Amino acid sequence: MIPSFVSSLRRARPPVPAPVMLLIGMFTLHTGSALAVTAFAHASPATVTWLRLTWAAVLLLALGGRSLWRAVRAATPRELGAVVILGTASAGMMLFYSEATARIELGAATSIEFLGTLVVAVAAMRRRRELVWIAAAVLGVLCLTRPWQGDLDLAGVGFALAGAVCVVAYIVLTQRVGAGFGAVHGLALAMTVGSLVSAPFGAPAVFTAPDVDLILFTLVIALLFPMVPFLLEMVALQRMGRAAYSTFSSLEPAVSLVMGLVVIGQAPVAVQVVGMALVVVAGVGAARGDRSDRPAVPGPEAARRSRAGEGVPGPSAGPPAEGRDGPVPPAGRGTPEAERAEAPEPSESDRAA
């Protein structure tokens, strides 16, 4: 079961440093995103995205085991409704991101979507001077997309901006879902809802002209994201303070640029490198505005004491992990995500698995 595997990672000797796990998760995530771009030559972005969501849902439902169904039966209608809304936002985030990366470069699409994460982080601090980080990120995005050249794909930018809006909703909803479900269960249910929501856009092409190679290829992509990044991120979130976690998460747009170059040959020009640097600096600057040393997500014991009213504060809002391309803790990307917004707290049913 996933919870058992996560516990093994947490107890590993010598322990893998949390920043290393986070960086490995980022590179894995964006390797999957870059590979998904190569699949667009054989199927539409909506079809590839639906297959990824469906594979992830099937794997997580299977690995969740009986404890998942116990958690569903014990949930209130309000908690289940929050999961449905989160899954819908997650599906929108992934669909819009895929449509964007089919039209504009991977690094540019990730940076535009990162604006949603940055807006939430700055708004949470409620200090006007922090708006400078949003201005820096917008300037960086302009350098990445180079609208002055006249060949800017407005549809691609529009899809990425729509994804950024979904990121904002994802961050808020991830925190709400965390009140009733554990990280693993919340992700499994959100992925299932996301698969159902995106089915009208991606499923018809699969059933009318099934491509076995494409179906198996998307299974590999689903393993690269969200499975491996989510497992690594889930452990890292409990070992890092929020400021440190958010600072490392701000490197994600740069990681996306690197993987776009390595995997699919999207080589940036000098002005785009400058733009990426501005986006990363903006993310790091906003993250340093939160100087809390508390873990981004409390460990199981802290979560238990918090629910029992023993005076342990729960996680407060902060930048999520991803923003990105899936509903990971927040993640957070991508999911939330997470990041970025905190991952849902582990539930009693998670610990029983």
Side-chain angles (χ1 to χ4, degrees), residues 25-26 28-40 43-56 86-120 137 141 144-145 153-171 173-174 187 190-191 194-195 197-198 201-202 218 221-222 224-226 229-230 249 252-257 259-260 263-264 266 279 320-328 330-341:
M26 285 185 201
T28 304
L29 185 157
H30 287 292
T31 299
S33 297
L35 289 175
V37 174
T38 66
F40 297 159
S44 71
T47 297
V48 173
T49 300
W50 177 73
L51 285 169
R52 292 172 64 191
L53 281 166
T54 302
W55 275 123
L86 173 62
T88 302
S90 300
M93 187 167 60
M94 292 187 69
L95 283 169
F96 288 134
Y97 182 79
S98 294
E99 293 288 353
T101 55
R103 295 167 171 82
I104 61 178
E105 294 173 332
L106 194 68
T110 303
S111 297
I112 294 173
E113 196 175 68
F114 184 69
L115 293 176
T117 296
L118 196 59
V119 167
V120 173
V141 167
L144 282 162
T145 54
D153 191 315
L154 294 178
V157 173
F159 280 123
L161 288 172
V165 174
C166 289
V167 166
V168 174
Y170 164 75
I171 292 171
L173 290 164
T174 298
L187 180 69
M191 284 290 187
S195 174
V197 169
S198 60
F201 306 98
T218 53
I221 298 174
L224 291 172
F225 180 75
F230 175 69
S249 296
E252 187 165 348
V255 172
S256 177
L257 186 75
M259 298 317 296
V263 178
I264 52 181
Q266 293 180 344
V279 173
E322 205 53 158
R324 54 205 167 8
D325 182 266
V328 189
R333 178 186 292 231
T335 318
E337 271 68 165
E339 64 127 110
R340 309 166 129 165

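Remember, it's a predicted structure, so these values are computed and weren't measured experimentally.
Annotation: salt bridge (charged side-chain N to carboxylate O under 4.0 Å, His left out) contacts of E105 (sequence neighbours excluded): none.
For F201, the CZ atom sits in a loose shell: 12 or fewer heavy atoms of surrounding residues, nucleotides or ligands are nearer than 6.0 Å.
Side chains of D153 and V157 form no contact here, defined as non-hydrogen atoms less than 4.5 Å apart. For the pair L106/Y97, a side-chain contact is recorded, criterion being any heavy-atom separation below 4.5 Å from C-beta on. Taking the side chain as every heavy atom from C-beta outward, S256 and F114 never approach each other to under 4.5 Å. Under the 4.5 Å side-chain criterion, counting only non-hydrogen atoms from C-beta, I104 is not in contact with F159. Considering only heavy atoms from C-beta on, F225 comes within 4.5 Å of R52 through its side chain.
Here OG1 of T110 is found 8.5 Å from CG of L29. Values are rounded to the nearest 0.5 Å. Within the model, atoms CE of M94 and CH2 of W50 stand 13.5 Å from one another, a figure rounded to the nearest 0.5 Å.
Considering every non-hydrogen atom in both A108 and L144, the closest pair reads CB-CB, 4.3 Å. Between T49 and S98, the closest heavy-atom pair is OG1-OG, 2.6 Å. Between S111 and P253, the shortest heavy-atom distance links the atoms OG-CB, 3.6 Å. Residues A39 and V48 approach most closely at CB-CG2, 3.9 Å, considering heavy atoms. Nearest heavy atom pair, residue L53 against residue S198, reads CD1-OG, 3.5 Å. Of all heavy-atom pairs spanning A109 and T101, the tightest one is CB-CG2, 3.7 Å.
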For a quick test of your reading: what N or O donor-acceptor pairs under 3.5 Å do the side chains of residues 161-168 make, sequence neighbours left out?
none

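Listed for the T117 side chain is no donor-acceptor partner under 3.5 Å among the backbone atoms of E113. Put simply, the side chain of S195 never gets that close to the backbone of M191: no donor and acceptor are under 3.5 Å apart. A donor-acceptor distance shorter than 3.5 angstrom exists from the side chain of T38 to the backbone of L35, with no hydrogens or angles considered.
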Check step by step if side-chain contact (heavy atoms from CB on, under 4.5 Å) holds for T145 and I112. CA-CA 9 Å; T145 54; I112 294 173; 4.1 Å; yes
